[in-house]
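A short worksheet on the structure shown next.
Every value quoted in this text rests on a predicted model; they were computed, and no experiment measured them. For reference, positions follow the sequence shown, starting with 1.
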Amino acid sequence: MSRQCLLWLASGCALLCACGPLEESIKAEQSSEVTTQLEAASSSRNENRCQPPVMVADLTPGPGHTHVIDKAEVDGAVFISTSDSPTRTAALWKLEDLSRGGKRAPEWRATLLLSGLSDNPRFLTAVGRTLFFNVDDGVHGTELWKSDGTPEGTVLVEDINPLGDAFHALSPRPVVVGRTLYFSANDGSHGEELWRSDGTRSGTRMVKDIARGPGSSSPGPFLVDGHRLLFAADDGVHGRELWTSDGTTDDTRLVEDIARGPGSSSPDSLLRMDNRRIFFVADDGVHGRELWVTDGTKDDTRLVEDIRPGAEGSGIAELTAARRTLYFTADDGVHGTELWASRGRADDTRLVQDIRPGLEGSRPRELTELDGDVILLADDGTHGLEPWRSDGTPEGTLLLADTHPGEPPPGFGVMNLVRAGEKVFFYANTPDTGQELWVTEGSPASTRLVKDINPGPANSIPGDPSPAFPVRGGVFLRVFDDAHGNEPLWSDGTEAGTKMADIAPGAESSSPDPVILTREWFFFVASDGVHGSELWALPVACFPRD
């Protein structure tokens, strides 16, 4: 039986070295002293108390690595599609915590559902208690499968295309409406069209042959709006335009031929607001790519405003909903790319503030909603790319911090805004601390360095990092320091509430990567130096409530 040590670090102090057996079913054993210290972090009797990360299962025994390709949660269990190294063999697994959030130590059960695959199961999607996914089993091509969480219940739903693959690498991700899965598939006769499935052969059917005959309408990506879908599709007559469907043939229809005739308006960036208005970007062939709004009917589908007059288009991007206001970036040809706001009418669509006067613009990016406002990154031409906040008014648009006076080194500017609860976390570089984790609650006074994790000017955040992963009111991320290598860190936005686990003891790196968040656990992949990269879990109780 293999065993290993885990070092728990808080504010630079070693609190725990706990060893536990690592098998297909794994129990986390903790000392009573540390349990007392950590259980106070949980305020729910039905919630696992905060404790160090535990290995869930050694899915690729020995020094080999398990790579998670896709994931989904179904009724409290985690399903993952994996590829192992060095064989690159794909598989599908189900992982369950048998304690289900009880007071006893977690005991994991890993069930192998499919194995020996040359193709990775993908588009894992939960519909009720059923998992749907696409995979090529080596016999039927890439087709629709389902699983009830047992090997015998992991089966092909329907061989949609007996002549080849029903799905291809660029197929849009399926979506769920009620108990029905909607997706784009090719049956070999009608081209790529809109399909639906309830998990039965008789309930798996094409919704409509939008581009009649063997041609493809190529529907998607899909936006779910209540009990209907909105998506772009090309019927071969009107070009690629906006369509809607309630899952029936008769009510799958063109919303509006925005670019009249065979030309395509190519609608994209569909975003649903709270009041059921749907904003999107399209080109009617006259005004260029501009902002449009619809309620899903022809009569109420219209251009919001020709922000950049003429056929060039205003380069709209970063559509973000904040209460009843849409924020986005656009270039009107006079002010450069700046922050704009709209409520869906021409008279309330406006430039919020000319942050950087002139044609270059402040080039806002990473718009992130916080309490009805937006946090964003912008360059006013003086401070470099820094965090800003806006409530949609010029006087309410302000610089939150000049994290690095002057320009930071190339590749180390402020980046990766992530909202967690009532805070926004990001990475910033200062001359004294290097690139580290920062946080803001939307005011200059609350915008601060969380902790200098790798003390001094050296960086704890690499030059091209993945964003922090939000968990309730905190975040999980990978950090580096000289003593521990690349290891997992989680934080509530305070120095005292920032903790790190040394999974690969010493200066070796466990190189953690986030996988999925469930009600009780946050799962990530890491290597302890013995078992290779495998799945680990950290209790959600280690993070503050939203």
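Side chains of His65 and Ser85: a donor-acceptor N/O pair is absent below 3.5 angstrom, by distance only. Under 3.5 Å, the side chains of Thr66 and Thr60 contain a donor-acceptor pair of N or O atoms. In the model, His67 has no side-chain atom that pairs as donor or acceptor with a side-chain atom of Thr82 under 3.5 Å. Under the 3.5 Å distance criterion, with hydrogens and angles disregarded, no donor-acceptor pair is assigned to the side chains of Thr320 and Glu369. No donor-acceptor contact under 3.5 angstrom links the side chains of Glu73 and Thr518, judged on distance only. Thr200 and Asp198 share a side-chain donor-acceptor pair at under 3.5 Å. Remark: the Thr297 side chain and the Asp295 side chain contain an N/O donor-acceptor pair separated by less than 3.5 Å. Side-chain contact annotation: Glu192 with His168, donor-acceptor N/O pair under 3.5 Å present. Residues Glu193 and Ser216 bring no donor and acceptor atom of their side chains to less than 3.5 Å of each other. Thr87 and Asp84 share a donor-acceptor pair across their side chains, judged by distance under 3.5 Å alone.
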- Can you list the steps and then say if Arg356 with Asp379 is a side chain to side chain contact (heavy atoms under 4.5 Å, CB included)? CA-CA 7 Å; Arg356 183 172 187 169; Asp379 184 350; 3.5 Å; yes
- Message: Before you tell me yes or no, could you show the steps for Asp148 and Arg129 under salt bridge (Lys or Arg N to Asp or Glu O under 4.0 Å), namely the whole-Å CA-CA distance, both residues' side-chain angles and the distance that decides it to 0.1 Å?
- Response: CA-CA 7 Å; Asp148 63 2; Arg129 295 186 174 183; over 6 Å; no
- Check against ring pair (Phe, Tyr, Trp, His ring centres under 6.0 Å), Phe183 and Phe167: CA-CA 9 Å; Phe183 53 96; Phe167 305 94; 5.6 Å; yes
- Query: How far apart are the C-alpha atoms of Ser390 and Gln353, what are their side-chain angles, what is the distance that settles it, and do they pass the side chain to side chain contact (heavy atoms under 4.5 Å, CB included) test?
  - Reply: CA-CA 9 Å; Ser390 179; Gln353 181 174 327; over 6 Å; no
- Task: Go through Phe522 and Phe469 one step at a time and tell me if the ring pair (Phe, Tyr, Trp, His ring centres under 6.0 Å) criterion holds.
- Result: CA-CA 10 Å; Phe522 172 71; Phe469 194 103; 5.0 Å; yes
- Evaluate the criterion side chain to side chain donor-acceptor pair (under 3.5 Å) for residue pair Glu305 and Ser342; output intermediate values, then yes/no. CA-CA 9 Å; Glu305 172 73 344; Ser342 177; over 6 Å; no
- Item | side chain to side chain donor-acceptor pair (under 3.5 Å) between Glu318 and Thr329, worked out | CA-CA 6 Å; Glu318 298 276 348; Thr329 63; 5.9 Å; no
- Message: Test side chain to side chain contact (heavy atoms under 4.5 Å, CB included) on Tyr427 and Leu437; report intermediate values, then the result.
- Response: CA-CA 5 Å; Tyr427 305 142; Leu437 180 67; 3.9 Å; yes
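Screening Lys146, Arg201, Arg205 for a salt bridge (charged side-chain N to carboxylate O under 4.0 Å, His left out) with Glu158, the sole residue that qualifies is Arg201. Paired with Thr248 under the rule side-chain hydrogen bond (donor to acceptor under 3.5 Å, both in side chains), one option of Asp250, Asp251, Asp246 passes, and it is Asp246.
With sequence neighbours excluded, no residue forms a side-chain hydrogen bond (donor to acceptor under 3.5 Å, both in side chains) with Thr130. Checked against side-chain hydrogen bond (donor to acceptor under 3.5 Å, both in side chains), Asp332 has the following partners two or more places apart in sequence or in another chain: His335. For the side-chain hydrogen bond (donor to acceptor under 3.5 Å, both in side chains) test, residues two or more places apart in sequence or in another chain that qualify with Ser197 are Thr204. Looking at residues two or more places apart in sequence or on another chain, you find no side-chain hydrogen bond (donor to acceptor under 3.5 Å, both in side chains) involving Arg212. In terms of the salt bridge (Lys or Arg N to Asp or Glu O under 4.0 Å) criterion, Arg122 has no residue partners (sequence neighbours excluded).
Listed here is the closest heavy atom pair of Val374 and Ala322: CG1-CB, 4.4 Å. Contact between Pro309 and Ile307 at its shortest, heavy atoms only, is CD-O, 3.4 Å. Between Val74 and Gly128, the shortest heavy-atom contact is CG1-O, 3.8 Å. Shortest non-hydrogen contact noted between Asp137 and Leu117 is CA-CD2, 4.3 Å. Among all heavy-atom pairs drawn from His227 and Val177, the shortest one is CA-CG1, 3.8 Å. Contact detail for Arg196 and Tyr182: the closest heavy-atom pair is NH1-OH, 3.5 Å.
Looking at Arg289, its side chain does come within 3.5 Å of a backbone N or O of Ser266 through a donor-acceptor pair. Glu338 places no side-chain N or O within 3.5 Å of a backbone atom of Gly361 that could act as its donor or acceptor partner. Side-chain atoms of Arg350 come within 3.5 Å of backbone N or O of Gly392 as a donor-acceptor pair.
For Arg179, the CZ atom is loosely surrounded, since the number of other residues' heavy atoms within 6.0 Å does not exceed 12. Within 6.0 Å of CZ in Arg173 there are more than 12 heavy atoms belonging to other residues, nucleotides or ligands. Other residues, nucleotides and ligands contribute more than 12 heavy atoms inside 6.0 Å of the CG atom of Asp347. Arg365 CZ: 12 or fewer foreign heavy atoms inside a 6.0 Å radius.
Residues Glu290 and Asp283 have side chains not in contact (no heavy-atom distance under 4.5 Å, counting atoms from C-beta outward).
Residues in residues 202-225 take part in these ring pair (Phe, Tyr, Trp, His ring centres under 6.0 Å) pairs, two or more places apart or across chains: Phe222-Phe231.
A salt bridge links Asp300 to Arg302: at least one charged side-chain nitrogen sits closer than 4.0 Å to a carboxylate oxygen.
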